[in-house]
There are 2 protein chains.
Amino acid sequence: MESRRDVFQAIADPTRRAIIMLLAVNAMTPNALAEHFDSSRQAVSKHLQILTECEVVTPEYKGREIVYHINNPKMKEIEKWLEEFKLLMSRRFDQLDHVLNELQNRKK
Amino acid sequence: MESRRDVFQAIADPTRRAIIMLLAVNAMTPNALAEHFDSSRQAVSKHLQILTECEVVTPEYKGREIVYHINNPKMKEIEKWLEEFKLLMSRRFDQLDHVLNELQNRKK
DNA sequence: TCCATTCGCAACTATTTGGTTGCAAATATA
DNA sequence: TATATTTGCAACCAAATAGTTGCGAATGGA
């Protein structure tokens, strides 16, 4: 559980996506989060650790409790990537591609 | 390399994200794609297999060649999830949360 | 001070992942 | 027909992942 720590890795796991959604509604402690899942507190804690490493989530230390918050700017990176993808899709040149294929076939 | 096949798993790997971007520009065969990467054709092929399972990509059989296309509707699922997240974020009730915490502290 | 609670860390396990190589099937070309 | 090209599939491997249990540190209340 070491490498390739980015937002996309963060949202790959369904439990982590659920954690993100719960934290989007309300910042929470690991225990409060764990109550929403079948898996143990430690499992949730590990996901929080990963989410923290990805900077998708930020811990706020309050005495012995740790309240986890969504780090919104990091989530925007997904949006950004998606926008870029959509831009490329809108610019795709199937027609030109078709023409090029035709030319190549004629060449042969 | 078996389970949990969804769009989020599909975009978790940086190579797969690159493949998606390339295919967004222009539908391509595995060989054409592999030229853009250091890893072997088989590695790229495996990613294409995963992307096909996730329905992020659709194969078009042309004789011995297979042209891979982006399956746009599937990509929209990411957008959909992100929209839901953004909605929850916009509705988050930090103020209320704060009030509840205050009440709880007083109760103790 | 003593005890319960909250939590991270370490060790361990089974499964999944991303990659490799080798091979066989199908198609195109000579 | 013989040969080269494009491709998927199977077997294998090292590393990462998701989960577990057990422990110890720090905090807060009695």
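Every chain is numbered from 1 and lettered A, B, ... according to where its sequence line falls, protein lines coming before strand lines. Values below: all heavy atoms of this structure, side chains included; hydrogens, waters and symmetry mates excluded.
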Asks: Expressed as a whole number of angstroms, how long is the span from A/I11:CD1 to D/dA18:P?
Replies: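 After rounding, the gap between these two atoms is 13 Å.
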Asks: To the side chain of B/Y68, which of C/dG18, D/dG19, D/dG8 is closest?
Replies: D/dG8
Asks: Choosing from C/dT20, D/dA18, D/dG8, which nucleotide comes nearest the side chain of B/P30?
Replies: D/dG8
Asks: For the pair A/Y61 and A/V67, evaluate side-chain contact (heavy atoms from CB on, under 4.5 Å) and give the outcome as yes or no after the intermediate values.
Replies: CA-CA 6 Å; A/Y61 298 87; A/V67 182; over 6 Å; no
Asks: To the nearest angstrom, how far is A/K46 atom NZ from C/dC7 atom C1'?
Replies: 15 Å
Asks: Can you check whether B/T29 has a side-chain N or O nearer than 4.0 Å to OP1 or OP2 of D/dT7?
Replies: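 Affirmative; the distance criterion is met.
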Asks: Assign each of B/G63 and A/I66 to its nearest nucleotide of DNA chain C by heavy atoms, then name whichever residue's nucleotide is nearer the 5' end.
Replies: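 First, find each residue's nearest nucleotide; the 5'-ward one identifies A/I66.
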Asks: Please state how far atom CD in A/E53 lies from atom P in C/dC9, giving the value in whole angstrom units.
Replies: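 Nearest whole value for this atom pair: 9 Å.
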Asks: Check B/I70 against B/A24 and note the closest heavy-atom contact, atom names and distance.
Replies: CG1-N, 3.7 Å
Asks: Between the side-chain atoms of B/Q42 and the base atoms of C/dG18, is any donor-acceptor pair under 3.5 Å?
Replies: no
Asks: Between P on C/dT15 and CG on A/D13, what's the gap in Å once rounded to a whole number?
Replies: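 Interatomic distance, CG of A/D13 to P of C/dT15: 17 Å.
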Asks: Between the base of D/dT7 and the side chain of B/R64, is there any donor-acceptor pair under 3.5 Å?
Replies: no
Asks: Between the base of D/dG28 and the side chain of A/E65, is one N or O donor paired with an acceptor at under 3.5 angstrom?
Replies: no
Asks: Is there a side-chain contact between B/H47 and the phosphate of C/dT17, meaning an N or O under 4.0 Å from OP1 or OP2?
Replies: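 Checking C/dT17 against B/H47, no side-chain N or O comes under 4.0 Å of OP1 or OP2.
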Asks: Has the side chain of B/R41 got a donor or acceptor atom sitting under 3.5 Å from an opposite partner on the base of D/dG8?
Replies: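 Answer is yes: a donor-acceptor pair is held.
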Asks: Whole Å only: how far is the CZ atom of B/F8 from the C1' atom of D/dT17?
Replies: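 In whole Å, D/dT17 C1' and B/F8 CZ are 19 Å from each other.
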Asks: State plainly whether the residues B/K86 and B/E83 are in salt-bridge range, i.e. N to O under 4.0 Å.
Replies: yes
Asks: Any side-chain N or O of A/N31 less than 4.0 Å from the OP1 or OP2 oxygen of C/dT5?
Replies: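 So the side chain of A/N31 is outside the cut-off, no N or O lying under 4.0 Å from OP1 or OP2 of C/dT5.
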Asks: To the nearest Å, how far apart are A/E60 CD and C/dT6 P?
Replies: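 Checked: the CD to P distance equals 17 Å.
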Asks: Atom CG of A/D38 and atom P of D/dG19: how far apart are they, to the nearest Å?
Replies: 11 Å
Asks: To the nearest 0.5 Å, tell me how far A/W81 CH2 sits from B/R17 CZ.
Replies: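 Separation between the atoms: 7.0 Å.
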Asks: Ignoring the backbone of B/S45, work out which of D/dG8, D/dA18, C/dG8 is nearest its side chain.
Replies: D/dG8
Asks: Taking NZ from A/K62 and P from C/dG8, how many angstroms apart are they, rounded to a whole number?
Replies: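 Nearest whole value for this atom pair: 15 Å.
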Asks: Looking at OG1 of A/T15 and CG of A/D38, how far apart are the two atoms once the value is rounded to the nearest 0.5 Å?
Replies: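 Here the rounded value is 9.5 Å.
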